[in-house]
> 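Let me begin by handing over the structure; questions about it come next.
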Amino acid sequence: MRATILAALTTMVMFMSGVSMAGAHDVGSLHGYWEVQKVLVDGNEDGGEAGAYWIFRYDGTFKIVKRGRKPEGSWSVSDDRLLLEVSGRRMLDGAWRIEGDRLVIEATQASNKLVFRFMKRDLASEPKEPRSI
């Protein structure tokens with residue numbers, strides 16, 4: 001009984017203080033618009049993706065809005081792995097986690113370690129292609 005009351009009080013305090021109870025791999029939190037903040041390739045910053053958006057839709061499709069090619073395809077999650085496919089071919093297979101309003105995806109492609117850092121954006125409509133810098 002005492003443990004039940006403690007658990008209820010803890011939940012109430014977290015709810016009232018605005019602390020998210022969603023875990024680092026809460027798929028429901030993945031849906032939406034994610035703006036690229038930083039991309040690291042082997043630990044070095046690559047600014048080519050800055051301002052791009054990765055859009056994860058509820059129907060399991062995704063779109064990347066950026067300068068040039070705009071890949072679209074399907075996404076799925078298995079535990080801590082996020083898989084993006086375009087026309088049946090794997091585009092990305094990486095570890096992912098959500099930290100509040102931030103998403104981090106870590107993957108290895110062609111022996112390069114990639115780290116994508118995003119911020120969730122609450123937008124009324126799909127973002128436009130970023131302007132050239």
Side-chain angles (χ1 to χ4, degrees):
M1 172 88 171
R2 187 176 202 181
T4 303
I5 292 172
L6 181 60
L9 287 173
T10 301
T11 301
M12 186 171 66
V13 167
M14 289 176 75
F15 177 75
M16 292 175 69
S17 66
V19 174
S20 172
M21 293 178 63
H25 300 108
D26 177 25
V27 176
S29 297
L30 189 56
H31 302 123
Y33 301 111
W34 294 92
E35 183 180 8
V36 176
Q37 301 295 298
K38 186 181 289 190
V39 178
L40 301 174
V41 178
D42 294 328
N44 299 309
E45 191 166 343
D46 178 354
E49 294 284 323
Y53 280 86
W54 290 28
I55 303 164
F56 295 97
R57 300 182 184 114
Y58 285 100
D59 66 359
T61 62
F62 77 91
K63 179 178 183 180
I64 298 176
V65 178
K66 64 179 189 171
R67 291 182 293 276
R69 195 171 67 90
K70 294 166 188 57
E72 292 189 61
S74 62
W75 66 271
S76 60
V77 167
S78 177
D79 297 321
D80 72 337
R81 306 297 298 177
L82 173 65
L83 177 63
L84 303 182
E85 293 184 339
V86 175
S87 300
R89 297 180 69 186
R90 181 180 308 163
M91 184 184 122
L92 181 87
D93 181 358
W96 69 285
R97 67 184 180 278
I98 293 177
E99 302 165 344
D101 62 353
R102 301 193 184 268
L103 168 64
V104 178
I105 301 173
E106 298 178 2
T108 301
Q109 285 187 339
S111 75
N112 294 312
K113 181 174 170 131
L114 307 175
V115 178
F116 297 90
R117 298 189 183 278
F118 304 86
M119 177 161 299
K120 189 151 197 179
R121 298 296 186 198
D122 189 18
L123 303 175
S125 63
E126 195 169 284
K128 304 284 188 236
E129 178 178 320
R131 290 179 288 193
S132 296
I133 298 174

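Note that the coordinates shown come from a computational prediction; the quantities given were computed from them, not determined experimentally.
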> Would Leu84 end up clustered with Val41 when hydrophobic side chains under 4.5 Å apart are linked, directly or stepwise?
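Yes; Val41 is reachable from Leu84 via cluster members.
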> Work out which heavy atom in Lys66 is nearest to a heavy atom in Pro71; give both atom names and the distance.
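Shortest heavy-atom separation between Lys66 and Pro71 comes out as CE-CD, 4.2 Å.
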> State the CG-OG distance between Leu82 and Ser76, to the nearest 0.5 angstrom.
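Between atom CG of Leu82 and atom OG of Ser76 there are 7.5 Å.
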> Check His31 against Tyr58 and note the closest heavy-atom contact, atom names and distance.
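Result for this residue pair: ND1-CE2, 2.9 Å.
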> Is there a path of hydrophobic side-chain contacts, each under 4.5 Å between heavy atoms of I, L, V, M, F, W or Y residues, that connects Ile64 with Val115?
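No, Ile64 does not connect to Val115 through the hydrophobic network.
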> Heavy atoms, side chains only, cut-off 4.5 Å: are Ile55 and Trp75 in contact?
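No, every pair of side-chain atoms sits at 4.5 Å or beyond.
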> Would you please name every residue forming a side-chain hydrogen bond (donor to acceptor under 3.5 Å, both in side chains) with Lys70, sequence neighbours left out?
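Counting only residues at least two positions away or on another chain, Lys70 forms a side-chain hydrogen bond (donor to acceptor under 3.5 Å, both in side chains) with Glu129.
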> May I ask whether Tyr33 and Val104 are part of the same hydrophobic cluster, defined by side-chain heavy atoms of I, L, V, M, F, W, Y residues being less than 4.5 angstrom apart, directly or through others?
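Hydrophobic grouping puts Tyr33 apart from Val104.
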> List for me each residue that meets side-chain contact (heavy atoms from CB on, under 4.5 Å) alongside Lys38, sequence neighbours excluded, and say none if there are none.
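With neighbours one apart ignored, the set is Leu40, Glu45, Arg117.
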> Quick one: closest heavy-atom pair of Trp34 and Ser29, and the distance?
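Minimum heavy-atom contact is CZ2-O, 3.3 Å.
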> Apply side chain to side chain contact (heavy atoms under 4.5 Å, CB included) to Ile105 and Phe118, showing your working.
CA-CA 9 Å; Ile105 301 173; Phe118 304 86; 3.7 Å; yes
> From Leu83 CG over to Phe62 CZ, what is the distance, rounded to the nearest 0.5 angstrom?
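Spacing of CG (Leu83) from CZ (Phe62) equals 9.0 Å.
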> What side-chain donor-acceptor pairs closer than 3.5 Å can you find for residues 89-103, not counting sequence neighbours?
residue: Asp93; atom: OD1; partner: Arg81; partner atom: NE; Å: 3.3
residue: Asp93; atom: OD1; partner: Arg81; partner atom: NH2; Å: 3.3
residue: Arg97; atom: NE; partner: Glu99; partner atom: OE2; Å: 2.7
residue: Arg97; atom: NH1; partner: Glu106; partner atom: OE2; Å: 3.3

> For Thr108, enumerate each residue passing the side-chain contact (heavy atoms from CB on, under 4.5 Å) test, keeping only those at least two apart in sequence or located in another chain.
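With neighbours one apart ignored, the set is empty.
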> Run the ring-ring contact (aromatic ring centres under 6.0 Å, His included) test against Phe116 and tell me which residues pass, sequence neighbours left out.
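With neighbours one apart ignored, the set is Trp54.
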> Partners of Asn44 by side-chain contact (heavy atoms from CB on, under 4.5 Å), sequence neighbours excluded?
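Result, side-chain contact (heavy atoms from CB on, under 4.5 Å) vs Asn44: none returned.
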> How about Asp79: does its CG atom have over 12 heavy atoms from other parts shown lying under 6.0 Å from it?
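No, not enclosed.
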